[in-house]
2 protein chains.
Amino acid sequence: MNLKELSHLLGLSQTTVSRALNGYPEVSEATRARVVAAAQKHSYSPNTRAQGLATGLSRCIGHVISVNDSGEMVNPIFGDFMAGAGETYAAHGYDMMVTRVGQADEADIYRNLKARGAVDGLVVHAPRKNDPRLPLLTEIGLPFVVHGRSTGATVDYSWLDVNNRRAFRDAAAYLTSLGHRRIALINGQEELDFAIRRREGFEAALAEAGIAVDPALMARGEMTEDYGHACAARMLDAQDPPTAFLAASIICASGVRRALDERGLRPGADVSIATFDDCLSYFGNGSTVPVFTAMQSSVRAAGATLAQMLLDRIDDPTGPHQQTLWEAEFVIGASTDKVKD
Amino acid sequence: MNLKELSHLLGLSQTTVSRALNGYPEVSEATRARVVAAAQKHSYSPNTRAQGLATGLSRCIGHVISVNDSGEMVNPIFGDFMAGAGETYAAHGYDMMVTRVGQADEADIYRNLKARGAVDGLVVHAPRKNDPRLPLLTEIGLPFVVHGRSTGATVDYSWLDVNNRRAFRDAAAYLTSLGHRRIALINGQEELDFAIRRREGFEAALAEAGIAVDPALMARGEMTEDYGHACAARMLDAQDPPTAFLAASIICASGVRRALDERGLRPGADVSIATFDDCLSYFGNGSTVPVFTAMQSSVRAAGATLAQMLLDRIDDPTGPHQQTLWEAEFVIGASTDKVKD
DNA sequence: CAAAGTTGTCAAAGCGCTTTGGAATGCGCA
DNA sequence: TGCGCATTCCAAAGCGCTTTGACAACTTTG
């Protein structure tokens with residue numbers, strides 16, 4: 001069923017039917033009602049591609065997930081982010097496209113997305129320091145918003161970020177206030193901007209407490225459960241082990257916890273763990289009392305909000321950039337306690 | 001840059017340029033080389049929508065993720081599955097579209113996807129028993145493949161599934177062989193077909209060992225960490241607690257483990273845990289020796305294979321259906337041991 | 001009652017591509 | 001020289017939609 005057939009059926013022109021369906025005022029309400037009913041009855045929906053060709057818009061948003069060439073790590077927050085963003089898109093009649101890309105051909109992919117007119121805009125995930133994507137996208141004129149920020153960016157851009165520096169500073173300060181002085185940071189990959197900020201926050205808190213940073217207590221890497229476990233195991237088995245851990249994600253933290261359990265150490269009572277919590281739907285932080293002391297911020301909410309920011313930007317590509325900083329909520333759970341001596 | 005401009009630049013007709021780029025034989029190699037070079041230089045890529053309109057194909061695959069209306073659970077395997085599928089799509093020049101859908105308007109969404117010509121085919125996730133989507137998609141003529149199977153389906157269809165029944169039968173049998181007789185099943189939602197099969201396998205193994213099933217030791221629900229923890233906590237605190245657990249996913253299992261830890265019980269030595277493992281990239285099952293005794297099957301590989309099956313099907317929509325059953329690999333880890341008495 | 005404005009509708013152009021059905025060109029061969 | 005046959009290229013139609021500009025058919029106004 002297409003426009004032509006439908007308009008024939010109704011004895012109207014394609015113009016009128018199109019206008020009736022798209023809410024233009026030049027068509028009488030009686031006609032509109034008749035058209036809408038017929039469209040419903042014959043389950044007519046305009047062909048996406050034809051509509052896009054005619055309007056010059058794709059009504060589609062791109063999400064480029066970069067897969068680093070070495071590992072084949074998929075970001076665990078991806079699903080929840082998409083669920084949040086998808087809600088917003090659906091409400092505005094947008095589709096959502098996902099493109100996988102290695103880092104080698106990164107620029108090509110973005111250029112291609114633009115050249116093909118495949119998307120009207122896109123969300124930049126996992127921004128790095130001096131991320132080359134921001135100037136690139138600005139140059140080729142593809143509207144975008146960034147989940148996070150990029151230190152050293154030479155262009156202005158829209159972003160939504162969590163105050164990672166503050167969150168980690170506060171969490172580390174909380175641990176020092178409990179008397180901990182051997183605090184380990186199990187950080188994400190420090191190519192990523194948020195990980196840099198987290199480290200800075202961590203170091204600031206230590207400095208404030210007059211504690212020297214110990215490189216042996218700072219790890220960086222892909223935030224898997226196994227990574228959390230391996231780092232914690234190594235540190236706990238070393239001489240002068242940490243009495244507290246600061247983990248980059250609840251999945252990491254769960255690996256840290258496993259390392260404690262293996263050694264007969266109880267989280268909280270023996271060794272403290274604090275973690276960042278993205279509020280993943282499949283990995284909550286306990287239902288009643290929080291399992292982990294955590295800095296939490298919903299990645300799903302971030303997805304929904306960023307999607308809205310992007311749609312706004314597509315509506316008005318020359319308007320001012322929206323820049324939003326969320327504070328993580330700090331909750332105290334069962335995994336931290338005064339240092340044991 | 002579009003075809004018209006490019007052909008003007010080259011002093012050729014649009015036809016010739018289009019044919020040159022699409023590898024048609026009617027154009028001389030010299031001309032083709034010249035055209036390809038120019039396209040490269042001006043970074044020309046055909047407009048997706050125009051191309052689609054002309055060919056009648058979208059070169060896009062849909063993935064519909066159903067979000068159940070109550071909870072807002074996102075399937076943790078989603079990211080890894082998409083990463084696998086995306087690789088295949090990219091290699092064949094296909095895009096990947098994600099649509100979020102509640103269960104209420106499910107049929108509408110699928111119909112709409114077809115009517116709009118938004119996708120050339122799609123992957124059905126999380127099939128249920130007698131899943132209405134299979135006859136629906138067959139009726140509206142949208143090629144699809146199913147990740148899993150649907151008991152009671154009235155139509156023939158292509159699928160790839162893991163032998164869940166066998167996997168859970170074997171794992172349960174392994175536990176009984178270790179002397180366990182109080183074995184708990186922490187299952188997924190039993191609306192989902194795979195969960196039904198798992199339960200059947202579990203029950204079969206118990207029957208073979210002459211053990212009566214105890215409803216108090218069988219849970220079903222969304223496979224979150226918290227769910228695994230809550231079920232295990234409840235069962236362990238009851239009188240006559242289980243001596244072994246069979247968990248539906250490694251995330252669930254990790255919740256079960258937490259319940260053990262809280263109670264000072266050691267996995268393996270005190271209480272055994274076996275689990276299904278989807279080989280998620282961010283939640284491996286230990287790097288050297290497996291943490292959990294597990295039935296493992298890579299969901300990422302499933303994504304890649306299913307994508308290929310779908311592309312085959314789109315190529316030849318009337319051909320025979322491909323139906324593939326994978327056996328999970330059973331690995332023995334540190335989380336199981338002889339029953340303690 | 002003619003002129004001017006409103007309202008509801010339409011024919012046709014155009015979005016950027018593919019593809020059909022020719023049409024030139026060059027070549028060998030009679 | 002002239003004919004047939006590849007080879008190489010092209011003009012134009014068409015994919016399904018939106019949108020411009022025009023036009024009837026009615027109202028309103030002076």
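All of these numbers come straight from a predicted model, not from anything done at the bench.
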Output the residues of residues 29-43 of chain B in contact with DNA chain C, where contact means a heavy atom of the residue under 4.0 Å from an atom of the strand; sort by number or write none.
-> none
What are the residues of residues 47-59 of chain A, sorted by number, that bring a heavy atom to within less than 4.0 Å of DNA chain C?
->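 Going residue by residue through residues 47-59 of chain A, the ones with a heavy atom under 4.0 Å of DNA chain C turn out to be A:L53, A:A54.
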Quick one: pull up [atom1] in [X] and [atom2] in [Y] and give me the separation to the nearest 0.5 Å.
| X | Y | atom1 | atom2 | value |
| --- | --- | --- | --- | --- |
| B:M309 | B:L311 | CE | CG | 11.0 Å |
| B:R111 | B:L113 | CZ | CG | 12.5 Å |
| A:I61 | A:M96 | CD1 | CE | 10.5 Å |
| A:E139 | A:K114 | CD | NZ | 11.0 Å |
| A:H42 | A:N2 | NE2 | CG | 12.0 Å |
| A:Y44 | A:L9 | OH | CG | 12.5 Å |

For the side chain of B:R133 and the backbone of B:H125, is there at least one donor-acceptor N/O pair under 3.5 Å apart?
-> yes
Checking B:R32 side chain against B:A20 main chain: does a donor-acceptor pair fall under 3.5 Å?
-> yes
Contact boundaries on DNA chain C for chain B, cut-off under 4.0 Å to non-hydrogen atoms | C:dG16 to C:dG21
For A:H8, look at atom NE2 and say whether over 12 heavy atoms of other residues, nucleotides or ligands are found less than 6.0 Å away.
->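 No.
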Donor-acceptor pairs under 3.5 Å, side chain of residues 79-89 of chain A to any protein atom, not counting sequence neighbours: which ones?
residue : atom : partner : partner atom : Å
A:D80   : OD1  : A:S281  : N            : 3.4
A:D80   : OD1  : A:S281  : OG           : 3.3
A:D80   : OD2  : A:S281  : N            : 3.1
A:D80   : OD2  : A:S281  : OG           : 3.3
A:T88   : OG1  : A:A304  : O            : 3.0
A:Y89   : OH   : A:H63   : NE2          : 3.0

Sub-4.5 Å side-chain heavy-atom contact between B:D95 and A:R116 =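 Touching, per the 4.5 Å side-chain cut-off.
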Would you indicate whether the side-chain heavy atoms of B:D312 and B:D316 approach each other to under 4.5 Å?
-> no
For the residue pair B:S28 and B:T31, what are the closest heavy atoms and their distance?
->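 Heavy atoms only, the tightest pair is OG-OG1, 2.7 Å.
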Between A:L136 and A:A107, what is the shortest heavy-atom contact and its length?
-> CD2-CA, 3.7 Å
Would you say the side chain of A:T15 and the base of D:dT19 hold a donor-acceptor pair, judged only by whether the two atoms sit under 3.5 Å apart?
->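 Yes.
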Which parts of residues 19-26 of chain B get close to DNA chain D, meaning a heavy atom less than 4.0 angstrom away?
-> B:R19, B:E26
B:T151 side chain to B:D193 side chain, donor-acceptor N/O pair below 3.5 angstrom =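 Note: B:T151 and B:D193 side chains meet the donor-acceptor criterion.
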Rounded (10°) bend between the five-pair end axes of the helix from C:dC1-D:dG30 to C:dA30-D:dT1 | 60°
